[in-house]
Each structure stands twice: as structure tokens, then as C-alpha cells.
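Just so you know, ligand 1 is whichever comes first in the structure, and atom 1 is the first atom listed for that ligand. Please read all numbers here as calculations on a predicted model, not as lab measurements. Atoms considered below: every heavy atom in the structure, side chains included; atoms not considered: hydrogens, waters and symmetry mates.
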Amino acid sequence: MKNQTLVQLVNQLTLDEKIGQLVQLSGEFFHGSDLSLGPQQKLGIEQQTIDVVGSVLNVTGAQVTRKIQTDYLRKSRHKIPLLFMADIIYGYRTVFPIPLGLGATWNPALIQSAYQAAAQEARAAGAHVTYAPMVDLVRDARWGRCLESTGEDPLLNADFAKAMVEGIQQEKGGTLLGIAACVKHFAAYGAAEGGRDYNTVDMSERKLRQDYLSGYKAAVEAGCKLVMTSFNTYDGIPATANQFLIKQILREEWQFDGVVISDYAAVQELIPHGIAADDREAAKLAIEATNDIDMKTRCYAKELRPLLESGAIDQRLIDDAVYHVLKLKKDLGLFEDPFRGSSEEVEAQILLSEENRKLARKVASEAIVLLQNKQEVLPLTPKKEKILLVGPYGDNQAMIGLWAVHGKTEDVTTLKTALQNTVSEKYVHYEPGCPLLEDDSILGDFGYTASGNSSSAAQQDLWLKEALKAGTEADIILFAMGEHSLQSGEAGSRTDLHLPAVQRAFIKKMTALGKKNILINFSGRPLVLKEETKQMDAILQAWFPGTEGAQAIVDILFGKVNPSGRLSMSFPEDVGQLPLYYNHFNTGRPLNSKTHTGRFVSKYLDCSNEPLFPFGYGLSFGEASYHSLKLSDSTMNETLEAEITIRNNSAYSRLETVQLYIRDHVGSVVRPVKELKKYIKIPLSPYEEITVLFTITKEDLFYYQKDLTFGVEPGLFTLFIGKNSAEGEAATFELL
Ligand code: GLC
């Protein structure tokens, strides 16, 4: 039911005022910040259009947003406030770990509190909408935007999508206490062929619905106010003009009546895609798909009027889009308070508060994944052994990752500082060791450029000599290595996922010293760490851990925190295995085939089929054992109980993520060898033994069957419960 007051307001607007509401420009058009994170092109938009534009992207800060809003409203005939949208993907000024790390927490409740904190900071700074959560499912680590995803599983992604939307919006009784969330990128952007950003996406409708849509759907069901279309095609039609995606699935099936906004310049990109001959056709296709806002192109601004006047489009398309935008402004309370309480005083109280720093440190400590710990070299005993810290992330504040565009690296404590604050310089010596990259000229820029990492050969020789000398006097060598933050994230696709060559050469020389070696890997994606598993005693995957990441790493190194992170995306043994994911089909010639032997099975001649580290994997200090899996019955009608006993066999308290998977052995279409269906993260005291009970319902087993109906056939199932997707107890049951 439409709000009649808004309908009347729409009807009072001139055509130019209506079209203005459907255009989004960046800050430089408003003499605000020129933080423009995408291709730059002159738009040729007149000032009269700029004066009635409905929204602006990536301008934040109470002072500047209040000024722009005040100037804008002065000229607004109907006093319709300007909407401020921004990329607040994993934190505003307090930056949390990248979402691929947040996924590794397996703790949606904790992440909801993180996004709530981020939204309060953003609201204080005058932001009304964030282009988050990004919920694209990812299976290919070559794609740089794995960074922004919570991983490869549909269920886990859906849980995090819900938690992030609820954290961002904090909707109470129809009022948004936070800011509006814009789920993205609709749809299936993470399936770009070759892991190459902006590339073609093509898949069956079944695969789209079964594997890729769960995050967007969960976000919409959680009340997300906006949806952003993706750059890619689906079934040969770019998402921004794709009526199957937007009109049929989003608006009709899911009943979404909020704002659909294109991604940056995606309306005009319908031309190079080859589905529109010019701006006018691009505008027509996008508005007919019910894409409401054109982000940062001139198509809507210049072409909607001639399209309407020529009768090529119906007035209703424009009026409906304007209504969606005004409804969003109403839901945000902007008509009553265009500033939504933002002020420099509130900013000063909330941004980077001690409370938010503590939360960021806790989230980072649950996001970090212990991948290897030979002879339990970790945790370290403070002030017992001499540590040499080396590598490009040893004394580096660049720990917030590519998309923390409103965060500040100067807020970050470096690993060197955090270590020396904990055990003093007497026990921690630092040497640079080697540069981050051989050459960073290929990285381009993303609102910032690489900080001149390329150092001279002489400099590198000197660094190596000093590191080797210091290494002979150390007991433990801590390698702080990884990707440059511009090597992942948007437009950060890569085909070689090893550590940079200059770092690997340095590691080879340093590990020859025969000391205890610990690698801390900073990356926005899974890297290929096969060589490092041989060279290192312990490996910590730190992601880009955010403002408080270094403190969280040190808490784990010295056992103040027992690492509990579990991978939400598989780490490949080799880039040639990609795309790689745990919930794959069995094929007709599986590796363990009983009928086909030797060569004629689905495998590589030169590499295993298995990941180096599987989905759900991560170590903690001490061991936990799983035993005594019992099912309530060997057959199932509507529900089935499964219980398992878990024992903490160590003196360490731990957080254990118990994971339940199922396999449907025979379906009307082939089914994955495993699918995550339940999980719980529970605290275990030293030597504690507990029994965990899960209840599976028949609906938990539903999938998109041969005719695309959502259901399940009777038959044999296997249920697995374990500490990751590769290890666990199994039991079978018959669904009747
Ligand atoms: C970018 C990204 C999108 C972001 C938008 C606004 O190109 O694809 O995730 O929210 O433009 O900056």
C-alpha cells in the first residue's frame, strides 16, 4: 500500500525534479570530497540537474554533509533532502577485519554488533546509506573481491547477510536507528569467469537459485532498504537491465519494494556490454528493469525526458522509481531531520571510541585463523625467547584493506609496536627484511596509490644482511608477509596467488637459519601457501585485520586468546584448481571410484583435487575430539535429532565451531557431496566434555529439484558432524 502523502509529493514534482531524484553523483559535484572510486569520465550534466539530484556518493563527515545539505535544501522547491550514501563495507572510522575474515568468525551475532557500531559511527558522520553488505558468494580466489565476501557457503552467507543488515539498520518499529543497508551486488557477481573482475557470469537458473542467491534473499528478508545491481551479465543480459533478476526474482518473488541502484556507471556500461546502442537505449533498458537510481552517469539525467516525451517509456516507470527514493528518505526520517542527528560533537564521541576499538580487537581475534602449529610452537611464552620480527607488515599500518575508504591507517597500531608494548624491545627485535613487492607500478590506484614499495637492489641486500645477522641471534623468527592491499579488492584479480616473489626469496634465505619460524599472512583472499607450510612451524591467516588487528594477533601469539577462526573459503593448493569449493558434485568418475581405476577418474595429473586448507578448517591451541555421534532414528519424516559429544583435551579454554553437513545421495538432479546445514560456536573449558544436539527438519533438506520446485525426494542421506568440512563423524538415515 503506497503512502498517499508521498504519492502526492511525487505528483507535485516537475519532470526535471523527478528525474533528478533518480540520479546519483559523487562529491566533486557538491564541492565535497572528490573520493571517487571508479572510472572517471566527464558527465556533461548541467547545474540545474545537479541542483535537484537525489543522492550523492562517498561524501561523509558531519561538517561537510551538513553544509551540503543546508545549501541543497535552500534551493529545493519541495525541501526534499539529499541522500548521502557511502561505502562502509566493514567499518567506518573503526575498521573491522575484511568480510572474508568476518566470515571466518562463524559468529553472526558478533558481526551484527560490529555493523551496529559501524552504522552508529557512519550516522554520526552524516551517512544515510551504506553500500553494504556485500554478499556475493565466492569460489575463485583469483577474484580480488573475495575480500568483501563472507565466503563460499550459501547458508553461512545468508546468516551473515541477515546479521549485517540488522546491525546496519537497527530497525525498531519501522524506525531506522542505524542507517539504510544496500545489499550487493545483485546478482552472482562472484562467479566472474576466470576470476577476472567485471567478467561474464553465466550459469543455470538452478545453480543461481541453489548456490548464489541466498545472501541477497536473506538481506531482503531482513528488511534491507536498497539493492545494488552488479556489473556482470547473467544469461547474456547485464544485471542492471536484467528483468528476470530485478523484476521477476527481486520484486515479484521476493516482494522487494525498496530502491534498486545501479553499480557505479553500470547503466552506461550497457553500451560496451553490447545490449544498448547509446545512452538513450541504456536508460530505457535500465528503467524498464525498474532500476531506480543511475549511479554516476548521465543516462537518466539526459535521456529519461526524451524517452518519456517520445512515448518510448511510460510515466509510471519514472513515478514508481521516484516513489521508491522518496519512501527511503521518509523511512530514514530525513523530511523531519535532514541531518539525522549528525554533528561534529557526536562524531568526536563515537568515532574510534575505546568501546569500538575493543570490539574491533575482539572481532579480529575471532577472525584470525591458525592454519598450522607444528609441535605446538604457539602460543609463545612472553619474555622467554628472543623474537625477530621481519617482513613488510612488521612495522606497517596498512592493515585495513582496500575498501576501508573512510578508515585511517594512522589509527592502526603496528605489529612491531603491539609486540614491543607486550614484551618490550628486549625480547622483540625488528628488521624490515624485504619489500612488499618487487614492483608496484601495475597496481594502479584506488583513491590512493601504492606507497613506492620498489626499493633498490642495494637496499634489499642491506635489509637481508641485517635480517640474517639478527636472525642468528634470535630464537624465533616472526614473518609478517602478504599481499599489498591494492593487490586484492575491486579490480584486484590475479593469476599468481603465491606470496610475492621477493618475499618468498627472503623467506627461503631466512628459514635456512633453522630457527622456529612463524608466518603471519596478511591478504584479502586465500593465497597459495603450500611452500610455506613446509618452511614454517606455524601459520596465522590474519586477512587485513583492521584498526586493532595487530593487538589481536599479539593476543593470539602469546595465548591471551585461543584462536577460533575457521575458514569460510577454501585455500587452494594451486591456482590451477580454481574455482574450488567444498560443496561440489561427485561426478561420474570420482577419485574414489570403485569402477574406474588409475587414470580414468576426475583428477589432475599434477595436483591433488583437495584444497590445501578446506572450508571450515582452523586450529586452536590444544585438541578437541568428536565422538559418539547418535541419530534419534535411522529414518526421518519431518525432523531428526543428531547429537555428538565433544571433548576439550587440553588445558586451554576454547571456542569450538561444531559443523553439521548432509549429503543427499540420490536426487532428481545431482547433489553436492556435502552441504552445511547447521553450526554452533560454543565455549569449552579446559578438559570439558559436552554433548551438542542438533534438530534437522525436512525443510533443511530442500533444494531446487529437476523442475525447479523447492523440495526433496525420499532416499538415503549421510549426516556429518565435525570440526571442518573434511573431518567428522558420519551416520546415515533414510528420508521417508
Ligand atoms: C564500486 C563497487 C561497489 C561500490 C560502488 C560505489 O565500483 O563495485 O561495490 O559500492 O562502486 O563506490
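The closest non-hydrogen atom to atom 6 (C) of ligand 1, taken over Asp87, Asp136, Asp263, Asn58, comes from Asp87.
A heavy-atom separation below 4.0 Å is found between Arg145 and ligand 1. The shortest separation from a heavy atom of Met85 to ligand 1 is not under 4.0 Å, leaving the residue out of contact.
By the 4.0 Å N-to-carboxylate-O rule, Lys302 lies close enough to Glu46 to be salt-bridged with it. Between Lys184 and Asp87 there is a salt bridge, with a side-chain nitrogen of the basic residue lying less than 4.0 Å from a carboxylate oxygen of the acidic one. The existence of a salt bridge linking Glu28 and Lys296 is confirmed by a sub-4.0 Å separation between a basic side-chain nitrogen and an acidic carboxylate oxygen.
Only side-chain heavy atoms of Glu490 come within less than 4.0 Å of ligand 1; its backbone N, CA, C and O stay farther off.
At least one donor-acceptor pair under 3.5 Å links the side chain of Asp278 to the backbone N or O of Glu281. Checking side-chain atoms of Gln170 against main-chain N and O of Gly167 turns up a donor-acceptor pair under 3.5 Å.
Residue-environment remark: CD (Glu193) exceeds the threshold of 12 foreign heavy atoms within 6.0 Å.
Some N or O of His185 is nearer than 3.5 Å to an N or O of ligand 1, by distance alone.
Residue-ligand proximity, Lys184 to ligand 1, at heavy-atom distances under 4.0 Å covers atoms 3 (C), 4 (C), 9 (O), 10 (O). Listed by number with element, the atoms of ligand 1 under 4.0 Å from a non-hydrogen atom of Phe231 are 7 (O), 8 (O). Atoms of ligand 1 lying under 4.0 Å from any heavy atom of Tyr264, numbered from 1 in the order shown and given with element: 7 (O), 11 (O).
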